[in-house]
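Before any comments, here is the structure.
By convention here, the first residue in the shown sequence is residue 1. Just follow the structure's listing: the first ligand is 1, and inside any ligand the first atom is 1.
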Amino acid sequence: ESGSVVTTPEVLDQAWLTPVQIGTPGQTLNLDFDSGSSDLWVFSSSTPASQSRGHSVFSPGKSSTAKESPGYTWSITYGDGSSSSGTVYTDVVDVGGLSFPSQAVETANRVSPEFTQETNLDGLLGLGFSTINAVKPTAQNTFFDNIKSDLNQPLWTVDLKHQEPGTYNFGNINSSLHTGEIHYAIVNTRRGFWTFTATSYSVGGAIGGSITGIADTGTTLALLPTAVAKAYYSKVPDALYDNSQGGYVFPCAASLPDFTFTVGGGEITIPGNYINYAPLTPGSKTCFGGIQGNTGIGEVIFGDVALKSAFVVFENSGDTARIGWAKK
Ligand SMILES: NCc1ccc(-c2ccco2)nc1
């Protein structure tokens, strides 16, 4: 089988949110599908009202199929400093018509203020490898790992669009969603992420070396090696690294060069206007870059700024994992 679901960008393409039905009858929550983590967690009836105000919550008590997983707990802190923790149920989870009857649904007993403030986001659906699932004492499977054997092909695809709805597909490649050929690179799954290598990059004609990083639908920007970010902004007049902002800024009127990277022998171009990410504050004439250095973070992250420039295939046949990138 296969399934497809529409995903919708938040303001400034900060994240894309996708409706998921949980329990019986189905309770719809809008989740951030995140290939950079591997837990399906939700705001719940156990989340204090002061933290869940404005959010849809999952109430296991209202689901005839919810089962507690006694003694199971989880706690996560993300790269951006946000965090959440709680307990675990199993219940039916339906994504785009694909249903798994006993998905681990991690209900939040607390969330950090960053999550409370993002009222469109009702939780995360991890699409990383189940090896890094945070449930104790036993790691749980991601939704993709649970349904993979039922899918026509052991893959999911993502088509994020700048300020337009896009799609997540499970089990098939919809060829109408891409124009160019799909170019594949091998994924190294050792750290539980979709880690791949771009063999080269170019900015305004200048060619650079290889970049190894993770494909992360749950991170807004492209956090590249510091030398790469430096090389990019050297081509942007009046760009500078602003310590107080923690990144490269430039005049919003600047025309930014494209950033092209090569994966599996094919070129993907992030258009300059995607790299002119946003004014520091609404109306400011100084803008913050969509490409930043990855200083202080363990990983190089090809986040949404890169992913929305392409049609991307995440395939895991069991012994081999691959990532495919195509123009669209
Ligand atoms: N890369 C995972 C992830 C996704 C969303 C968030 C988030 C949303 C609001 C505040 O923090 N944090 C981390």
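Heavy-atom neighbours of Glu181 CD from other residues, nucleotides or ligands within 6.0 Å: at or below the threshold of 12.
Close approach to Glu118 involves these atoms of ligand 1, each under 4.0 Å from a residue heavy atom: 8 (C), 9 (C), 10 (C). Within ligand 1, the atoms closer than 4.0 Å to a non-hydrogen atom of Asp32 are 4 (C), 5 (C), numbered from 1 in the order shown.
Remark: among candidates Thr219, Asp80, Asp34, the nearest residue to atom 6 (C) of ligand 1 is Asp80, based on non-hydrogen atoms.
Annotation: atom 7 (C) of ligand 1 to nearest protein heavy atom, Phe115 CE2, 3.4 Å. Looking only at protein heavy atoms, the nearest one to atom 10 (C) of ligand 1 is Glu114 CB, 3.3 Å.
On a distance-only criterion, Gly218 and ligand 1 share at least one N/O pair closer than 3.5 Å. Taking only nitrogen or oxygen atoms, main chain and side chain alike, Ser82 reaches within less than 3.5 Å of ligand 1.
Under the 4.5 Å side-chain heavy-atom criterion for ILVMFWY residues, a single connected hydrophobic cluster contains both Trp156 and Phe33.
Asn172 and Asn152 form no side-chain donor-acceptor contact under 3.5 Å, judged by distance and modelled atom types alone. A donor atom on one side chain and an acceptor atom on the other are found under 3.5 Å apart for Thr65 and Thr24. Using modelled atom types and a 3.5 Å distance limit, the side chains of Glu118 and Gln14 yield a donor-acceptor pair.
Among all heavy-atom pairs drawn from Trp41 and Ile76, the shortest one is CD1-CD1, 4.5 Å.
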